[in-house]
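Just so you know, these numbers come straight off a predicted model, no measurement behind them. In listed order, ligands and their atoms are each counted from 1. Note: hydrogens, waters and symmetry copies are ignored here, and every other heavy atom, side chains too, is used.
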Amino acid sequence: MPEMPEMENYRRLITDQILDVPITNVIVNREKSINIEQDIFISELLNTRVIFIERRGKYLNFHLNNGRRLLVHLMLGGLIFVGKNEDLPQRNTQVEISFGETTLYFMGLRLGYVHLLSAKEVEQVLGQLGPEVTDRRMNSERFLNIVNGRRGALKTLLVNQNVIAGIGNRYADEIAFEARLLPSAKVQDLEPEAIERLYVSTKSVLSKAVEAGGYIDTPVTKDDSHTGSYKSEFKVYDREGELCPQCGGIVVKVELNSKKTFYCPTCQHEQ
Ligand SMILES: [Zn+2]
């Protein structure tokens, strides 16, 4: 599932290609992927322009010049490609939005969606999300306040979108490894020093993953060889039985609140 770094990578690559260009064509191949009647969806989008693409958590929010918004969530397995039809990978598309010669293709949308909404409706969805750790306004003190008063396993806290937005199963394990904390560490018992380490690690893992184009290595544009470079950087996620890059011990896999969880029992602790 795409998490914050993957969505941020999409935002950057898409913005370059479609901003301020009028929408010339819309194709809906799967009506379940949109939220209103197909004809209305298409006619409302035609001739509008995207003036800004915002990312919040795992959402992309396309601001249209008529004040409407396109809210995109890829859920499990959704992908975006931007470019010309002849460059499109051999995949079924659910929604296609053309900006002259360039088309935005949405693929793999099963639970994922492209919803046309008002600014207010979008605010109702995004308003539920917790803050972004990579946001300029975030700092150690604010992060400490977010964690303080919470209870339960560290990983469960990290993937809770209402507490902190954008982190999913994969990056939560990488962040816990980087912070040298067990995914099962009890949040209520963490010392301020451990919470500070968690804050620094969260910022660092997410920022590095964004710069590396995330872990999903399906190209977003025709000549894109950068997207997915973080795939080889995972230290513990999906590395059960492999050597820990830090200590040479063996990476372990467990189920934590029914989520696949990977960690190094030597490097990671309760504090
Ligand atoms: Zn280790």
Side-chain angles (χ1 to χ4, degrees), residues 1-9 57-58 76 130-134 138-144 146-148 150-161 163-217 226-271:
M1 179 193 239
E3 302 181 25
M4 175 273 191
E6 289 69 43
M7 297 314 287
E8 183 61 24
N9 185 58
K58 302 173 191 171
L76 289 163
E132 308 267 332
V133 176
T134 49
M138 181 59 72
N139 55 42
S140 299
E141 201 185 321
R142 288 200 172 155
F143 189 81
L144 189 70
I146 291 169
V147 175
N148 273 340
R150 299 273 167 186
R151 302 182 63 83
L154 172 62
K155 179 164 184 176
T156 310
L157 175 97
L158 287 174
V159 300
N160 184 340
Q161 301 306 300
V163 178
I164 300 166
I167 302 169
N169 216 16
R170 287 171 184 264
Y171 289 104
D173 284 3
E174 294 301 306
I175 290 165
F177 177 78
E178 181 96 2
R180 304 193 303 278
L181 291 168
L182 286 168
S184 60
K186 290 190 181 65
V187 170
Q188 64 270 28
D189 295 340
L190 291 178
E191 301 286 349
E193 189 272 329
I195 299 174
E196 171 67 18
R197 236 188 300 131
L198 180 65
Y199 170 58
V200 173
S201 304
T202 305
K203 252 196 340 186
S204 132
V205 166
L206 293 179
S207 309
K208 280 182 196 156
V210 167
E211 290 316 313
Y215 78 89
I216 297 175
D217 58 1
H226 175 67
T227 291
S229 307
Y230 201 76
K231 194 178 181 183
S232 55
E233 299 296 317
F234 282 105
K235 310 276 196 306
V236 286
Y237 191 86
D238 233 357
R239 296 195 176 277
E240 183 189 15
E242 294 181 32
L243 299 184
C244 165
Q246 197 93 17
C247 73
I250 302 290
V251 174
V252 167
K253 176 187 168 189
V254 292
E255 289 259 323
L256 184 66
N257 295 334
S258 65
K259 285 188 192 304
K260 275 200 294 185
T261 299
F262 300 85
Y263 68 96
C264 171
T266 310
C267 293
Q268 295 174 251
H269 307 282
E270 295 285 347
Q271 274 310 325

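- Taking Tyr230 as the reference, nothing meets the side chain to side chain donor-acceptor pair (under 3.5 Å) condition, with sequence neighbours excluded.
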Side chain to side chain contact (heavy atoms under 4.5 Å, CB included) between Lys203 and Met138, intermediate numbers included
CA-CA 10 Å; Lys203 252 196 340 186; Met138 181 59 72; 5.9 Å; no
Quick one: side chains of residues 254-266, donor-acceptor pairs under 3.5 Å with protein atoms, not counting sequence neighbours, listed by atom name and distance.
from	atom 1	to	atom 2	distance (Å)
Asn257	ND2	Thr156	OG1	2.7
Thr261	OG1	Lys155	NZ	3.1
Thr261	OG1	Lys259	O	2.9

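- Remark: Asp173 CG to Leu158 CG distance equals 9.0 Å, nearest 0.5 Å.
- Residues that satisfy the side chain to side chain donor-acceptor pair (under 3.5 Å) test with Gln271, not counting sequence neighbours, are absent from this structure.
- When side chains are defined from C-beta on, Lys208 counts as touching Glu178, because their heavy atoms get closer than 4.5 Å.
- If you count the protein N, O or S atoms nearer to the Zn ion (ligand 1) than 2.8 Å, you get 4.
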